[in-house]
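Here is the structure we will look at, set down as structure tokens.
Please read these numbers as outputs of a predicted model, since none were measured by experiment.
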Protein chains: 2
Amino acid sequence: MEDFMTLKNQLCFAVYETAGEFNKLYSSVLQSFGLTYPQYLVLLALWEDDGVTHKELGEKLNLGTGTLTPMISRMEANDWVRKERSKEDERKVYIYLQEKAIEEKRTITKKVAEVIQSCQIELEEYEQLMQQLNTLQKKMRERKTN
Amino acid sequence: MEDFMTLKNQLCFAVYETAGEFNKLYSSVLQSFGLTYPQYLVLLALWEDDGVTHKELGEKLNLGTGTLTPMISRMEANDWVRKERSKEDERKVYIYLQEKAIEEKRTITKKVAEVIQSCQIELEEYEQLMQQLNTLQKKMRERKTN
DNA sequence: TATGATTTAATTGTACACGATTTAATTAAA
DNA sequence: TTTAATTAAATCGTGTACAATTAAATCATA
């Protein structure tokens, strides 16, 4: 009978640690571009869909305004993105990629892909984990709050 | 052919998001005790092994002194733990649970277990994820840095 | 036994992350 | 149409998280 109260047997801790490992791994590549790991996630979102509103970006990344606003400001200061307030609805702010972010896309993603490949993760392993994590997330979000 | 550059197809993002969900889920229980999720992880480690050094605790949790020192200070201020500098080697600091942390253990872990159970995670699912995350972590830590 | 290297924590600076509040713009209702 | 409710960002306060530096204690060795 396993002890479920042990730190190393806690799923939450395994996820917490893995997230930390990803952060470190990605940072090791990204720092040479002057990017942090969360900032890279913002770029990923924008490369996929440029010119979204602050709100939409936050929803995509699961980040609130208290996190996103200062982060976007830093990325603006470093010429990765630019903000533009909507003319039709002045409450909305659109986020656009700057040339730098478009130009460097290939270089950055190539470097990142290289590091990930150096981990030798099997495709099957990758996909299984993705699927299981998504299932888990769904359960956590949809749990019945008695 | 899947697009691996998509945010939702990124394993790193799935892990990042899941960690966030765990944080929120656990926080919903822990806030009534005046605990944060990382602080709960510290308690988990100490319930398992009380009176370890600052260094050992950091290794167990994968946290550096820059994170742990202020966190332990806050937990000390809230009567969860106490610090004691070693007599034999004054560089070392031992961390001990306070009565409050020992007394409340059952109540806290019971509440946490309830919330986790409300997510309806299958045992098989749980164990598979644990195992896969550990394998992944190992690969990320041991990758050959060309 | 001095001195240089190592070890352990604390400190500093930057960057998330989140809940709560505030502010401004838009929309809905009386 | 004025007022009330809602929405979108920004701001604030607290708490991680980490790399780099500092400071103090111990150890190694010449």
Next item on the list: Please confirm whether A/Tyr26 and A/Tyr40 have ring centers closer than 6.0 angstrom.
Entry: yes
Check: Atom CG of B/Leu61 and atom CG of B/Leu41: how far apart are they, to the nearest 0.5 Å?
Finding: 6.5 Å
Item checked: Residue list, ring pair (Phe, Tyr, Trp, His ring centres under 6.0 Å) with A/Phe13, at least two apart or on another chain -> A/Tyr16
Notebook entry, point to check: Where does the chain B footprint on DNA chain D start and end, counting 5' to 3' with a 4.0 Å heavy-atom cut-off?
Noted result: D/dG15 to D/dT26
Notebook entry, point to check: Listed by chain and number, what are the side chain to side chain donor-acceptor pair (under 3.5 Å) partners of B/Gln39, not counting sequence neighbours?
Noted result: none
Next item on the list: Sequence neighbours left out, what passes side chain to side chain donor-acceptor pair (under 3.5 Å) with A/Arg91? Give chain and number order.
Entry: A/Asp89
Can you give me every donor-acceptor pair (side chain of residues 62-75 of chain B, partner residue at least two apart or in another chain, under 3.5 Å) with its distance?
| unit_1 | atom_1 | unit_2 | atom_2 | d |
| --- | --- | --- | --- | --- |
| B/Asn62 | ND2 | A/Glu17 | OE2 | 2.5 |
| B/Thr65 | OG1 | B/Thr69 | OG1 | 3.3 |
| B/Thr69 | OG1 | B/Thr65 | O | 3.0 |
| B/Ser73 | OG | B/Thr69 | O | 3.1 |

Check: Residues from residues 31-50 of chain B sitting under 4.0 Å of DNA chain D, heavy atoms only?
Finding: B/Thr36, B/Pro38, B/Gln39
Next item on the list: Would you mind listing every salt bridge (charged side-chain N to carboxylate O under 4.0 Å, His left out) that reaches into residues 18-32 of chain B, with sequence neighbours excluded?
Entry: A/Arg141-B/Glu21
Item checked: salt bridge (charged side-chain N to carboxylate O under 4.0 Å, His left out) contacts in which one or both residues fall within residues 34-58 of chain A, not counting sequence neighbours -> A/Glu48-A/Lys60, A/Lys55-A/Glu59
Notebook entry, point to check: Across all strands shown, which nucleotide pairs with C/dA30 by Watson-Crick or G-U wobble geometry, both distances under 3.5 Å?
Noted result: D/dT1
Donor-acceptor pair between [X] and [Y] side chains, under 3.5 angstrom:
X	Y	answer
A/Gln10	A/Thr6	no
A/Gln128	B/Gln132	yes
B/Ser86	B/Glu90	no

Notebook entry, point to check: For DNA chain C, which residues in residues 19-30 of chain A have a heavy atom at a distance below 4.0 Å?
Noted result: none
Notebook entry, point to check: Want to settle it: does A/Asp89 or A/Tyr16 sit nearer the 5' end of DNA chain D, counting the closest nucleotide to each?
Noted result: A/Asp89
Check: Looking for any heavy atom pair under 4.0 Å, which part of the strands does A/Glu88 touch: base, sugar-phosphate only, or nothing?
Finding: sugar-phosphate
Notebook entry, point to check: With a non-hydrogen cut-off below 4.0 angstrom, is A/Leu68 in contact with a base, only sugar-phosphate, or nothing?
Noted result: nothing
Check: What pairs with B/Arg82 under side-chain contact (heavy atoms from CB on, under 4.5 Å), at least two apart in sequence or on another chain?
Finding: B/Glu84, B/Tyr96, B/Gln98
Next item on the list: Name all residues meeting the salt bridge (Lys or Arg N to Asp or Glu O under 4.0 Å) criterion together with B/Arg85; count only those two or more places apart in sequence or in a different chain, and write none if there are none.
Entry: none
With the criterion being N/O to N/O and under 3.5 Å, what pairs connect the protein with nucleotides 10-14 of chain C, and how long is each?
| unit_1 | atom_1 | unit_2 | atom_2 | d |
| --- | --- | --- | --- | --- |
| C/dA10 | OP2 | B/Thr69 | OG1 | 3.1 |
| C/dA10 | N7 | B/Thr65 | OG1 | 2.6 |

Next item on the list: Round to the nearest Å and state the distance from B/Glu56 atom CD to C/dT7 atom P.
Entry: 15 Å
